[in-house]
Number of protein chains: 2
Amino acid sequence: MGWYGPLVAMKALTSTRGVTIYAVAERAGVSIATVSRALRDPGLVAEATRARVEAAVAELNFMPSRLGRSLAEGRHAANGIVFPDLIGPYYAEVLLGYEEAAADLGRSVLILGTRGRADPTAQVLDLAGRVDGLVVMGQTVADDVVAAIAASGPPVVLLARPPVAGADTVTAENEAAGAELARHLLGHGYRRFAFLGDPAGSPDVAGRYAGIAGALADAGVRPPAPLRCAFDVTAGHEAAVTLLKRRTRPQAVICANDEVALGVQEACADYGLDIPTDLALTGWDDVMTARFVGLTTVRQPMRDLGATAARWLHDRIKERTESAETGPARTKVLPTQLVVRRSCGPHDPD
Amino acid sequence: MGWYGPLVAMKALTSTRGVTIYAVAERAGVSIATVSRALRDPGLVAEATRARVEAAVAELNFMPSRLGRSLAEGRHAANGIVFPDLIGPYYAEVLLGYEEAAADLGRSVLILGTRGRADPTAQVLDLAGRVDGLVVMGQTVADDVVAAIAASGPPVVLLARPPVAGADTVTAENEAAGAELARHLLGHGYRRFAFLGDPAGSPDVAGRYAGIAGALADAGVRPPAPLRCAFDVTAGHEAAVTLLKRRTRPQAVICANDEVALGVQEACADYGLDIPTDLALTGWDDVMTARFVGLTTVRQPMRDLGATAARWLHDRIKERTESAETGPARTKVLPTQLVVRRSCGPHDPD
DNA sequence: GTGAAAGCGCTAACAC
DNA sequence: GTGTTAGCGCTTTCAC
């Protein structure tokens, strides 16, 4: 904005803290209204006046207060995003896509991780009061909270979470990809499966499991009950230990995400089991490690998820600003892609 | 705060948008001052009055405006953080540590990625105007901008970046760990080294290179000139291709971070070179993939970096609020740890 | 082209 | 214990 001229200049006069528009006006010998105009639309002010204002701004090192401005304008020029956690590459990538797109649209980004806190409601509501629009990911707050915000707070876009009335929703394809993955494994000849992950813990996982179970059932194979575990390497490792102790061992282990699969891989190493010879293994997300260890997985467009959410939010905010009609809630499902590597078994080199 | 009772309630009366403290006061039959008191220090208000206020708050679904509150209080209750990028696990982990600690201290977090934009100054200054304290990481903005903010804006804590007058600094140990790494490799018997990464592009890398070069020189080995490359897998891959074309091949390749090393590993696979037989390889950071591919590296306390910065910032903010004396700038170097795995060569099983 | 003044929604003296 | 009122720093009619 204004004060990037004599950067290493003054800090005297008004004791530096809080150089207000009044000080600038006084120094320039004009009214605060003129200063405001000169700053936000120089065309409205006479050449000479503007020069004086600019000089005063530079000399006083003036930076308009965002708070004052926002209060007067009735907007924050900021967006928020709520995510369950930041552990693992998935959320970081989504966040990256979101921040990038939001910044391009000239908006600051506020983040809030709920990391399984008992009741993040208060924090989410607080966040809602700081932004012009809010993205809510996965299992972070209850539907009624989302609905309440969407109804009487800023617009909300849901990410990787089932739709709620009044909010747009962006997700990645889960069910069809799950089915495709299952069919691929069936093609390898496997008939005994295990599923590691908690469908109840995440809408995404629920979708993946549904697709997998459906495809297996269609092939006359009884879908495995999910072996519930958290979303990280340690949980996967532990779940695998449980699994490997059972009397009949599965031929293929399908995991809710890549990190769980990596935990399984660790456990197999401990037990002297070779992947894929002794056990086929698949993950989900296609994080960097998956590529380096040859893990078969399903790639999600993580950055795109974030970027799409940012753009949709922007639409809604504009809609409101221009007091246009509020369009109906939108839904978008971004495509995912099966990535076959060596962990699911041998393939003909073609 | 107030309005989490009848969540799915009203949205009428004041057209839902902007239920102010005046509306609550009117409905409760009291003054706005009383409403304010009832909300922020119930003890100051008579039992019966408070009940009426609370009822009004609930019925109107009132949520105090952050903007109004912040303007009156003269604080944002928010912290900011500026980072070069969010690609790769490193920054995400630091951010995680920061957000977590900040949230525990009751502060919201604003993020800003500069991702190599030409001049992020304006954005950083804008951010500075939205927060009570700011963390600035690595190579994002010039020193004079940092100094200007620290002098006449909110307190600043520097992260993974050389000290600037007026700001605290938190970094991870680089030089000593670099030396230790180099000595370890010398212990393997290697004498021909390569260094992949750009010391000029990051203070961290500069420190690592300095430590490595020093230790090599001490051992009578001429330090390699850095083969400059960016901080990601692709860059590492490309740099490795250049390197492997040279007439004399190094015995050990030391990389500025893990992702560069992973790129080298890829390139070696393409060239049919085995690690560590044909080439020893090391990274830096100890990201998840490093563990799974057996990469020797140096572990950084990434979350701790973020958490420490958050706490220091909190100290400074409190200092200012309580108009206490401003203590002298602090500096902290968090310890790092050499993690030896198979990529640097065979070790005696002990 | 410029100034005066009315807010934006809240907090905190200061009275009563 | 409660009400009045003066800001907090800016934007934006409405006059001149």
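This one's a predicted model, so the numbers in the text were calculated from it and none came from an experiment. Only heavy atoms go into these numbers, but all of them, side chains included; no hydrogens, no water, no symmetry mates. Each chain gets a letter, A, B and so on, in the order the sequences are listed, and its residues count up from 1.
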A:Gly43 vs A:Ile32, nearer the 5' end of DNA chain C by closest nucleotide: A:Gly43
Length of the line joining A:Leu67:CG and C:dT11:C1', which is rounded to integer Å: 13 Å
Whole-Å gap separating C1' (C:dG9) and CZ (B:Arg69): 11 Å
Which nucleotide in D:dT11, C:dG9, C:dA4 has an atom nearest any side-chain atom of A:Ser31: C:dA4
Listed nucleotide nearest any side-chain atom of A:Thr49, set C:dA13, C:dT2, C:dC8: C:dT2
Sugar-phosphate only, base, or nothing, as touched by A:Ser36 at under 4.0 Å among non-hydrogen atoms: base
Residues B:Leu313, B:Tyr98; criterion side-chain contact (heavy atoms from CB on, under 4.5 Å); working and verdict: CA-CA 10 Å; B:Leu313 212 40; B:Tyr98 183 67; 3.4 Å; yes
Qualifying residue, where the test is side-chain hydrogen bond (donor to acceptor under 3.5 Å, both in side chains) with B:Asp132 and the options are B:Arg320, B:Arg316, B:Arg107, B:Arg75: B:Arg107
For atom CZ of B:Arg40 and atom C1' of C:dC10, their distance in whole Å: 9 Å
Among D:dC14, C:dA13, C:dG9, the one nearest A:Arg37 by side-chain distance: D:dC14
5' precedence on DNA chain D between B:Tyr22 and A:Ser65 (nearest-nucleotide basis): B:Tyr22
Atom pair distance, as rounded to whole Å: CD in A:Glu73 and C1' in C:dG7: 14 Å
Residues B:Arg330 and B:Thr169: side-chain donor-acceptor under 3.5 angstrom: no
Touch class at under 4.0 angstrom, heavy-atom based, for A:Arg66 against every strand present: nothing
Listed nucleotide nearest any side-chain atom of B:Ala72, set C:dT2, C:dA12, D:dG7: D:dG7
Nucleotide C:dG3, atom P - distance to CD1 of A:Ile21 in whole Å: 12 Å
side-chain contact (heavy atoms from CB on, under 4.5 Å), paired with B:Val82, selected from B:Val156, B:Leu134, B:Val141: B:Leu134
Backbone of A:Gly138 reached by a side-chain donor or acceptor of A:Arg161 within 3.5 Å: yes
Sugar-phosphate, base or nothing in reach of B:Ala46, heavy atoms under 4.0 Å: sugar-phosphate
Spacing of B:Leu71 atom CG relative to C:dG7 atom C1', expressed in whole Å: 13 Å
Value in whole Å for how far the P atom of D:dG3 lies from CZ of B:Arg52: 8 Å
Interatomic distance, B:Glu26 CD vs D:dT4 P [rounded to whole Å]: 13 Å
